[in-house]
Structures are given as C-alpha cells and as structure tokens.
Amino acid sequence: MSDRDPQPVERQLPTEEARDLLALVRDIAQREIAPRAAEEEDAGRFPRETFTLLSESGLLGLPYDSEYGGGDQPYEVYLQVLEELAAARLTVGLGVSVHTLASYALAAHGTKQQQVEHLPAMLGGGLLGAYCLSEPSSGSDAASLRTKAVRDGDGWVITGTKAWITHGGIADFYTVMARTGEDGPRGITAFLVPGDAEGLSGAAPEKKMGMKGSPTAQVHFDGVRVPDSRRIGEEGQGFSIALSSLDSGRLGIAACAVGLAQAALDEAVGYATQRRQFGRPIGDFQGLRFMIADMATQIEAGRALYLAAARLRDAGKPFAKQAAMAKLHCTDAAMKVTTDAVQILGGYGYTADFPAERYMREAKVLQIVEGTNQIQRMVIARHVAGPEAR
C-alpha cells in the first residue's frame, strides 16, 4: 500500500451540515474501517460492529424522515456518504446501500402505523436489513419469481427460496417479494419479514471472487407466517414497489463504484509517484500519466452522472433513465479503473500485499448486482427509443 495520503475529493455539497456529515464519515472511514479492510476481507469476516457504529452515528437512515429516526438528507448527500464508505471498504458501502434499499419499501409505501412501529428500529436501532427479490430461477426476469405467500386467516404463509441475498442469514429484517396472485408482475406483493421468524433460514454463504466479508446467501422460507400488518402496500403492488426501490438502489451501486474506483486511483497515483525506474518516478512517464488522466476523468464523469440523477430524484422528477445510466457507466468505469490500477502497479498489483487486486475483484460484482449492465442498457434504450416491438 502506498505511503502517500490521498487527496480528499472536492465535493459540492448543499449545506454546511452536509459538509460536517461528510467530515464525520471520512473520519470514521479512515479510523475505523480502512485499517482493517484487507485483513477482514481476506478472512471473510463481516464487520457487524461497524454497522452498529454507523447506526449509532445516524448513518443507516440518512435519506429518510427524521420523524422515524432518519437523517433528512437529500440523495445527493447520502450517495456521497456511500462513496466515502465504499472507498474505505466496499463491503461497508454496499452494505449500507442494501440496508437503505431494504428500508425503502416501508418508508415509501408503508402505512403510518407500520412506519411508526418499525422504521425507528430499522433506521437507527442497530438493525440490519436485506432485500429479497432474486431467486435461483429468476434473476434478470424478476417478474417470474416463484416464492409464494398464501393467505391463512389474518396472515400469510410464505414458502420459497431467495438467492444472491446480501446479508442473507444475518439480517434482522427482510423485505420480501412473494407471489400472491396470478403469474407475472401483477401477482407479486411485498412483505416485511423479521429475521428471527420461525421457518426462515439462511444457507451457507456463497464462495465469491471478491467481497468475501459481505455474506451473500440463499434464504429459505419454509412456511414462514407473517401477519397481514406486515404486508407493504396493496396486494399485487409488490413488483412496482420493487422496481421503484431498484431505481434508487442503482444510484447506491453507482456511488459505491465511484468510491471503489477513487480508492484504486489513489493507490495507483501513490505508487506511481514513489516507484522509481530508469532514474525517476514511473509517474513521470507519459504512458502512465495518460492512464492516470483517463482514470480520473472516468471517475469525475461517473460522480457527475450519479449526482445529476440524485438531484432529479431530490426534486421529485423522473430519474429511472439517469439511474440506469449512472449504474452502467460507474460500474463499467470501476472495472476499467481498477484493472488499470493493477497494471500501473505491475507485478505488485497482482499480489495481496497491495489492495489493487482486491479492488479489481470487487469491481466485477458491481456490473452484476441490482440489474446487470445488460439490463441497464435495455432500460436506457426503452427510455430513448421506446419499447421493443413484440
């Protein structure tokens, strides 16, 4: 790892409160998260105590209403917090993004009574959430999900298996999309399921290429009973809730990707200014300087793209197209930037003694989660060119 301290990102923030918030986050990231990231990722250790600290610091509910324990922060501020956390350790940044995604359905579509009863604990009570949409046989085609919720008296019985669930098996609550009616998107309903519900269990975590500290697992629902008071929204509204959740969640992934890419750039620049060959730092050679310039440009473009989408969201304007564009560009850029960082470090970049190889392995999954980048291209094309002919 380079001895050169990275330069703080120059940010345009809307308030002094936001500046203080980012300073707090940067301090926590540098003091509590980054120093242990490599060791804990190598060991596959999930930093639950870090999420407890973030909850105690008011950082797990930033974009939600303070009435329920949230931070009342606009998305443009929340996403920059995610970026700082992801730069320190992607497991943490992505974990906060997933927790925020899992809280969205209740915050946006729950009844007042549901919000009063559950949101304070979800947003500031030390709980950790998970979002359950994908299944072993329904990934990109999420509307074909098979997990069923069947009415039983004044409640529901949920049976099925969810797949690729971040925090699967360790979450305190799960936002679950289950089929309650006809095939297709109109037969899906959303539920808030407690993590300790009888019949709910997590499988062994997947053995992954990167992000080994973030558990990703199947979650089994074996006749899990939930009262109707834990149904979110109307029957059959679940798929539309899921899609609106993902529009916001994709911005979270975009911000995490920019944070990861920024960390890789900082590492590459630090190394290039210290490593000497042919009598001078390798950062003096034009070939590497051009690579660094391209990396920095891709990062700035990605940051501008996700912030533009966030500002549309904050203004109450449609932002689905821009969210897909941000997710697509930022995650593709993260893959390119981290790969170039490994190249700049040369043989050292391929070793675990430097974080560049970990950044590269972690970047790959960001092109896949919350809608593959091929799906993002489909979404963008539909907005630009209209729906496909059938």
Side-chain angles (χ1 to χ4, degrees), residues 5-34 50-90 92-104 106-108 115-116 119-129 247-260 262-263 266 299-300 302-317 319 322-323 326 330:
D5 291 332
Q7 297 298 310
V9 174
E10 294 183 9
R11 301 192 181 278
Q12 296 182 355
L13 295 165
T15 63
E16 282 302 315
E17 179 188 12
R19 293 189 182 281
D20 292 341
L21 175 63
L22 265 292
L24 169 67
V25 172
R26 195 174 296 114
D27 178 66
I28 291 174
Q30 294 175 353
R31 179 167 41 86
E32 302 290 342
I33 300 174
T50 297
F51 285 85
T52 300
L53 173 62
L54 295 176
S55 180
E56 292 172 348
S57 303
L59 299 177
L60 287 191
L62 286 175
Y64 297 123
D65 197 325
S66 60
E67 180 182 355
Y68 306 112
D72 278 334
Q73 290 299 316
Y75 240 66
E76 70 165 303
V77 173
Y78 156 68
L79 293 178
Q80 292 183 82
V81 168
L82 279 189
E83 184 189 328
E84 292 283 350
L85 294 173
R89 185 178 179 186
L90 184 59
V92 176
L94 188 72
V96 173
S97 180
V98 168
H99 175 84
T100 304
L101 175 68
S103 303
Y104 173 87
L106 187 64
Q115 292 168 348
V116 169
L119 272 181
M122 291 164 62
L123 300 182
L127 302 187
L128 188 66
D247 284 339
S248 297
R250 285 165 181 162
L251 291 181
I253 299 301
C256 286
V258 170
L260 182 66
Q262 184 69 56
D266 291 340
I299 291 168
E300 285 290 345
R303 185 175 290 123
L305 192 54
Y306 86 63
L307 285 174
R311 287 164 185 150
L312 286 175
R313 185 189 189 280
D314 290 334
K317 297 179 180 179
F319 68 100
Q322 289 81 3
C330 293

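These numbers come from a predicted model, not from an experiment. If you read the sequence from its start, that first residue is 1, and numbering goes on from there.
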**OP:** Give a yes or no on whether the backbone of L312 and the side-chain of Q322 come within a donor-acceptor separation of less than 3.5 Å.
**Re:** no

**OP:** Taking H99 for its side chain and L94 for its backbone only, find out whether a donor-acceptor pair lies under 3.5 Å.
**Re:** no

Original post:
Do we see a donor-acceptor contact under 3.5 Å between the side chains of Q262 and R303?
Top reply: yes

Subject >> By side-chain contact (heavy atoms from CB on, under 4.5 Å) - contacts of T50 (at least two apart) >> reply: I33, R36, P47, L54, V92

Subject >> side chain to side chain contact (heavy atoms under 4.5 Å, CB included) partner of Y306, chosen from I253, L82, V258 >> reply: V258

Original post:
Who passes side-chain contact (heavy atoms from CB on, under 4.5 Å) against R19, sequence neighbours left out?
Top reply: L13, E16

Original post:
Just by modelled atom types, is the L79 backbone N or O under 3.5 Å from a matching donor or acceptor in the E83 side chain?
Top reply: no

Subject >> Residues in salt bridge (Lys or Arg N to Asp or Glu O under 4.0 Å) contact with E84, at least two apart in sequence or another chain >> reply: R11, R26

**OP:** Without swapping roles, check the side chain of S55 against the backbone of F51 for a donor-acceptor pair under 3.5 Å.
**Re:** no

Original post:
So how far is it from L119 CG to S103 OG, rounded to the nearest 0.5 Å?
Top reply: 7.0 Å

Subject >> Straight-line distance of L307 CG to D314 CG, nearest 0.5 Å >> reply: 10.0 Å

**OP:** Hey, could you give me the OG/OH distance between S248 and Y75, rounded to the nearest 0.5 Å?
**Re:** 4.0 Å

Original post:
Sequence neighbours excluded, which residues qualify as side-chain hydrogen bond (donor to acceptor under 3.5 Å, both in side chains) partners of D72?
Top reply: S66

Subject >> CA sep, side-chain torsions, deciding dist, call: L260, C256, side-chain contact (heavy atoms from CB on, under 4.5 Å) >> reply: CA-CA 6 Å; L260 182 66; C256 286; over 6 Å; no

Original post:
Considering only heavy atoms from C-beta outward, does the side chain of L22 approach that of V81 to under 4.5 Å?
Top reply: yes

**OP:** Taking side-chain contact (heavy atoms from CB on, under 4.5 Å) as the test, write out the residues that go with A257, two or more places apart.
**Re:** C330, T331, A334, L366

Subject >> Nearest atoms (heavy-atom pairs only) where A326 meets L251 >> reply: CB-CD2, 4.1 Å

Subject >> Closest approach of G129 to A102 (non-hydrogen atoms, all atoms of both residues) >> reply: C-CB, 3.9 Å

**OP:** Determine the minimum heavy-atom distance between G70 and L123, stating which atoms define it.
**Re:** N-CD1, 3.9 Å

Original post:
Taking all non-hydrogen atoms of both residues, which atom of P74 and which atom of P14 are closest, and how far apart?
Top reply: CG-CG, 4.4 Å

**OP:** Would you give the length of the straight line joining atom OH of Y78 to atom CD of Q73, rounded to the nearest 0.5 angstrom?
**Re:** 12.5 Å

Subject >> Rounded distance [0.5 Å steps], CG in L60 versus CG in L128 >> reply: 7.5 Å

Original post:
Considering residues at least two apart in sequence or located in another chain, which fulfil the side-chain hydrogen bond (donor to acceptor under 3.5 Å, both in side chains) criterion with E56?
Top reply: none

Original post:
What heavy-atom pair brings L24 and S57 nearest, and what distance separates the two atoms?
Top reply: CD2-O, 4.5 Å

Subject >> Pair Y64, T100: side-chain N/O donor-acceptor within cut-off below 3.5 Å >> reply: no

Subject >> Between OG1 on residue T15 and CG on residue L21, distance to nearest 0.5 Å >> reply: 8.5 Å

Original post:
Which heavy-atom pair separates G249 from L101 by the least distance, and what is that distance?
Top reply: CA-CD1, 4.3 Å

